[in-house]
Amino acid sequence: MSVDEPIPVIRDVDHGTAKLMPDVDRPRAWLLTVDGSPQSYVDLDDPTHLEFEYARRLAHVLELTGAPGTPLDVLHLGGGALTLPRFVAAVRPGSRQEVVEADGKLLELVAERLPLPAGSGIAVRRADARTALEAAPEASADVIVADVFGGARVPAHLTSVEYARAAARALGPGGRYTANLADSAPFTFLRSQMATLRTVFAHLCLIAEPAVLRGRRFGNAVLVASDDELPVDELARRTAADAFPARVEHGAAVERFVQGAAPVRDVDAVPSPEPPGGAFSIG
């Protein structure tokens with residue numbers, strides 16, 4: 001082994017044990033895990049390379065917001081290794097981005113080992129996602145990206161109607177809220193989240209792999225919500241062309257999926273379900 005070859009970095013952070021592992025196939029690419037659960041993948045030489053399929057789906061939404069190539073105002077709830085902020089900075093130069101991450105020691109690790117390029121336009125701060133969202137200026141964001149997991153679960157206070165209203169207030173005209181969630185059949189959590197967002201936003205779509213939608217396995221699902229119509233046809237084309245194709249459910253399909261599910265209020269909010277053993281963990 002060369003003395004210059006990168007080696008894994010293991011460090012205790014606020015919410016567990018973080019590990020940065022180099023990718024042997026890409027010279028300056030790293031996988032971040034926390035307590036064994038994959039959190040982020042970053043290629044410092046190519047920020048447009050998105051290893052995780054759910055990140056690609058979120059990126060499709062970002063790419064289809066506003067005029068192609070124009071800067072965006074993006075609020076990221078959940079930071080990890082800042083994969084999507086780096087992507088936006090690369091494909092939408094001049095964008096203004098704020099990243100909110102509750103784990104301060106994780107932010108320190110990322111800043112030390114995976115520093116942002118100069119002039120990235122990305123501001124990073126330690127804060128609770130809901131607190132930061134409620135304090136955000138009205139109509140200040142084109143896109144809100146919610147990718148917040150405490151361990152492997154979405155915290156309860158980020159699942160309610162009150163939270164969704166705060167997101168809607170922070171979005172400008174035509175703005176889009178998008179979230180990475182995880183669930184499996186019978187989709188009690190996912191259906192409740194769609195019912196919750198539907199009380200606030202006029203348009204909603206769901207992006208997930210067919211095997212997840214058919215209830216065959218636990219997996220990620222990306223929700224997109226807006227007061228304006230969503231580019232569902234183009235989203236469907238792009239997600240179908242991914243290495244692991246996904247479906248885009250919208251309109252009547254969403255109505256059928258959500259039927260019977262009740263919106264969640266702060267008083268009865270619960271975290272997302274615990275993933276089954278081995279669903280995401282890689283050791």
Donor-acceptor contact below 3.5 Å, side chain Asp35 vs main chain Gly16: no
Selection residues 68-110 - residue pairs positive for ring-ring contact (aromatic ring centres under 6.0 Å, His included), sequence neighbours left out: none
Pro231 and Arg176, any side-chain heavy atoms less than 4.5 Å apart: yes
Exercise: identify the closest heavy-atom pair between Ser140 and Ala136: OG-CB, 4.2 Å
Glu108 side chain reached by Glu112 side chain, heavy atoms, under 4.5 Å: no
Non-hydrogen side-chain atoms of His250 and Leu206 separated by less than 4.5 Å: no
Validation row: His49, Tyr41 side chains within 4.5 angstrom (heavy atoms): yes
CZ/Arg11: more than 12 non-hydrogen atoms of other groups inside 6.0 Å: yes
Any donor-acceptor N/O pair, Asp242 side chain to Phe244 backbone, under 3.5 Å: no
Donor-acceptor contact below 3.5 Å, side chain Arg56 vs main chain Thr239: no
His60 side, atom NE2; Arg237 side, atom CZ - distance, nearest 0.5 Å: 12.5 Å
Any donor-acceptor pair under 3.5 Å from Asp128 side chain to Thr131 backbone: yes
Reported OG1-to-CG distance for the pair Thr196 and Leu223, which is rounded to 0.5 angstrom: 10.0 Å
Backbone of Leu72 reached by a side-chain donor or acceptor of Ser95 within 3.5 Å: yes
pair Pro8-Pro22: side-chain heavy atoms closer than 4.5 Å: yes
Over all atoms of both residues, closest heavy-atom pair of Ala246 and Ile207: CB-CG2, 3.9 Å
Nearest non-hydrogen partners of Ala81 and Ser40, listed with the distance: N-OG, 3.0 Å
Backbone N/O of Ala152 and side chain of Ser37: donor-acceptor pair under 3.5 Å: no
Side-chain (Asp14) to main-chain (Lys105) donor-acceptor, under 3.5 angstrom: yes
Residue pair Glu101 / Gly80: nearest heavy atoms and the distance that separates them: OE1-N, 3.3 Å
Reported CG-to-CG distance for the pair Leu58 and Leu50, which is rounded to 0.5 angstrom: 9.5 Å
Co-membership, hydrophobic cluster, residues Val61 and Val248, 4.5 Å side-chain: yes
For Ala127 against Val100, the heavy-atom pair lying closest together: O-CG1, 3.3 Å
Donor-acceptor contact below 3.5 Å, side chain Arg126 vs main chain Ala102: yes
Side-chain donor-acceptor contact under 3.5 Å, Thr17 with Asp12: yes
Intermediate values then yes/no, side chain to side chain contact (heavy atoms under 4.5 Å, CB included), Val161 and Tyr163: CA-CA 5 Å; Val161 170; Tyr163 163 80; over 6 Å; no
Spatial distance of atom CG (Leu181) from atom OH (Tyr54) [nearest 0.5 Å]: 11.5 Å
Ala269 backbone acceptor or donor facing Thr159 side chain under 3.5 Å: no
Sequence neighbours excluded - salt bridge (charged side-chain N to carboxylate O under 4.0 Å, His left out) pairs with any residue from residues 154-170: none
Leu109: hydrophobic cluster co-members (side-chain, 4.5 Å): Val9, Val13, Leu20, Trp30, Leu32, Val42, Leu44, Leu82, Val99, Leu106, Leu107, Val110, Leu114, Leu116, Ile122, Val124
Could you give the side-chain donor-acceptor pairs of residues 256-267 under 3.5 Å, partners two or more places apart or in another chain?
{"from": "Asp266", "atom 1": "OD1", "to": "Arg130", "atom 2": "NH1", "distance (Å)": "2.9"}
{"from": "Asp266", "atom 1": "OD1", "to": "Ser160", "atom 2": "OG", "distance (Å)": "2.6"}
{"from": "Asp266", "atom 1": "OD2", "to": "Arg130", "atom 2": "NH2", "distance (Å)": "2.8"}

Gap between atom CE of Met21 and atom CD1 of Ile10 - 0.5 Å precision: 8.5 Å
Residue pairs fulfilling salt bridge (charged side-chain N to carboxylate O under 4.0 Å, His left out) with at least one residue in residues 190-201, sequence neighbours excluded: Arg198-Glu255
Residue pair Tyr177 / Val200, side-chain heavy-atom distance below 4.5 Å: no
Set of salt bridge (charged side-chain N to carboxylate O under 4.0 Å, His left out) partners for Arg96, sequence neighbours left out: Asp73
Between CG on residue Asp227 and CG on residue Leu171, distance to nearest 0.5 Å: 8.5 Å
Linked, directly or transitively: Leu197 and Ile144 (ILVMFWY side chains, under 4.5 Å): yes
Distance-only side-chain donor-acceptor flag, Thr48 / Asp46, under 3.5 Å: yes
Closest approach of Arg92 to Leu62 (non-hydrogen atoms, all atoms of both residues): NH2-O, 3.6 Å
For Glu209, the option from Arg57, Arg214, Arg216 that meets salt bridge (Lys or Arg N to Asp or Glu O under 4.0 Å): Arg57
Side-chain donor or acceptor of Asp183 paired with backbone N/O of Phe189 under 3.5 Å: yes
